[in-house]
Protein chains: 2
Amino acid sequence: MLDNTDLQILDELSKNSRISMKELGEKVHLTGPATSARVEKLEDSGIIVGYTIKINQVNLGFSIHAFITIITQNTNHQPYLSFIKTQEKYLINNYKISGDGCYLLECKFPSNERMNEFLEGLNEHANYKLSIIIDK
Amino acid sequence: MLDNTDLQILDELSKNSRISMKELGEKVHLTGPATSARVEKLEDSGIIVGYTIKINQVNLGFSIHAFITIITQNTNHQPYLSFIKTQEKYLINNYKISGDGCYLLECKFPSNERMNEFLEGLNEHANYKLSIIIDK
DNA sequence: CAAATTCCTTTCATAAATAAAGTAAAACGG
DNA sequence: CCGTTTTACTTTATTTATGAAAGGAATTTG
């Protein structure tokens with residue numbers, strides 16, 4: 001089970017996953033090797049799944065961030081799923097959901113023009129409702 | 001501007017942000033110091049915003065992942081915003097959106113009971129539409 | 001209660017990061 | 001067109017971190 005030190009480690013690694021084991025250890029009052037062993041346990045137990053970076057997509061040219069609720073036209077979702085597989089550069093997440101819609105698609109676009117092209121392609125396989133992120 | 005090596009670096013760091021600069025350098029055919037300088041530039045230019053971990057929330061006891069579309073009852077959003085500030089443990093993201101709703105709230109819950117409590121509290125300040133994530 | 005396990009520290013060898021110096025190629029400006 | 005500056009890199013050397021190994025204290029287990 002996880003104790004408070006483990007939760008602190010998760011918190012610190014969430015804030016900065018490139019911190020050294022030594023420095024992380026200082027924050028949680030352990031030595032480097034002890035901290036390293038804790039982290040390895042968190043990996044082995046499947047709690048830490050990976051180490052990644054946060055990228056500012058706006059600075060990479062993707063100024064539009066949107067959620068698109070998908071309602072596929074027929075019961076076979078394959079045409080939709082095949083379509084989005086060709087649009088990887090715009091995709092962030094594709095969640096299968098319950099509720100109002102079949103999927104919730106999280107996307108990024110460099111411009112309204114590109115988004116419009118995407119939506120026209122999408123519309124051949126599914127109906128959708130578009131929500132553009134304004135903040136946060 | 002970003003060249004192909006920078007994009008490769010972003011890609012590799014997305015997959016594993018704890019890779020050593022030496023090993024990352026080998027992947028992009030640069031020495032450690034040169035790679036380190038590239039990464040520092042990506043940080044300074046605001047493209048790399050941070051280093052973080054991917055946590056398996058299910059293994060942390062949060063087996064329910066949901067999106068909640070919020071429609072606040074009156075034009076003043078403050079009661080809603082104040083409410084969610086007290087519910088941090090369940091929150092992943094709160095996006096202000098255009099389209100159908102005012103906010104899109106991404107949440108995690110350990111059980112239906114806790115989710116139900118949350119929704120009852122939420123309902124004092126806003127109407128909502130709940131979408132539970134089934135996959136991906 | 002003895003043995004085993006867990007969780008830690010310390011020590012030490014190895015590996016990586018970082019700072020500094022030097023170089024080659026490209027961009028700039030007269 | 002040529003000298004100067006800038007950029008992006010390599011190499012080297014020092015500092016720092018990692019990771020393996022040994023050992024110890026506290027807790028668990030039969």
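In what follows, chains are A, B, ... by sequence order, proteins preceding strands, each numbered from 1.
Remark: A:Y103 engages A:H77, A:Y80 in a ring-ring contact (aromatic ring centres under 6.0 Å, His included) (not counting sequence neighbours). For A:K15, the side-chain contact (heavy atoms from CB on, under 4.5 Å) partners two or more places apart in sequence, or in a different chain, are A:D11, A:E12.
In this entry the distance linking NZ of B:K41 with C1' of D:dT7 reads 7 Å, nearest Å. In this structure, B:I9 places its CD1 atom 13 Å from C1' of D:dC9, rounding to the nearest Å. One can place NZ of A:K27 at 17 Å from C1' of D:dA17, the figure rounded to the nearest angstrom. When the C1' atom of D:dG19 is taken as reference, atom CZ of B:R18 falls 13 Å away, rounded to whole Å. Atoms CE (B:M21) and C1' (D:dT18) sit 15 Å apart, rounded to a whole Å. Put simply, CD on A:E40 is 10 Å from C1' on D:dG19, counting in whole angstrom units.
Between A:S36 and D:dT18 there is no side-chain polar atom (N or O) within less than 4.0 angstrom of OP1 or OP2.
Protein chain B contacts DNA chain C over a range whose 5' and 3' limits, counting nucleotides with an atom under 4.0 angstrom from a non-hydrogen atom, are C:dA16 to C:dA19.
At the heavy-atom level, B:S20 lies under 4.0 Å from the strands shown only through sugar-phosphate atoms.
Between B:F109 and B:F62, the distance from one ring center to the other does not fall under 6.0 angstrom. Residues A:F118 and A:Y128 keep their aromatic ring centres 6.0 Å or farther apart.
Counting heavy atoms of neighbouring residues, nucleotides and ligands inside a 6.0 Å radius, atom NZ of B:K89 exceeds 12 of them.
Here D:dT18 is the nucleotide among D:dT10, D:dG19, D:dT18 with the atom lying nearest to any side-chain atom of A:K22.
Taking the six-membered ring for Trp and thresholds of 30 and 60 degrees, B:Y95 and A:H65 have ring planes more than 60 degrees apart, a perpendicular arrangement.
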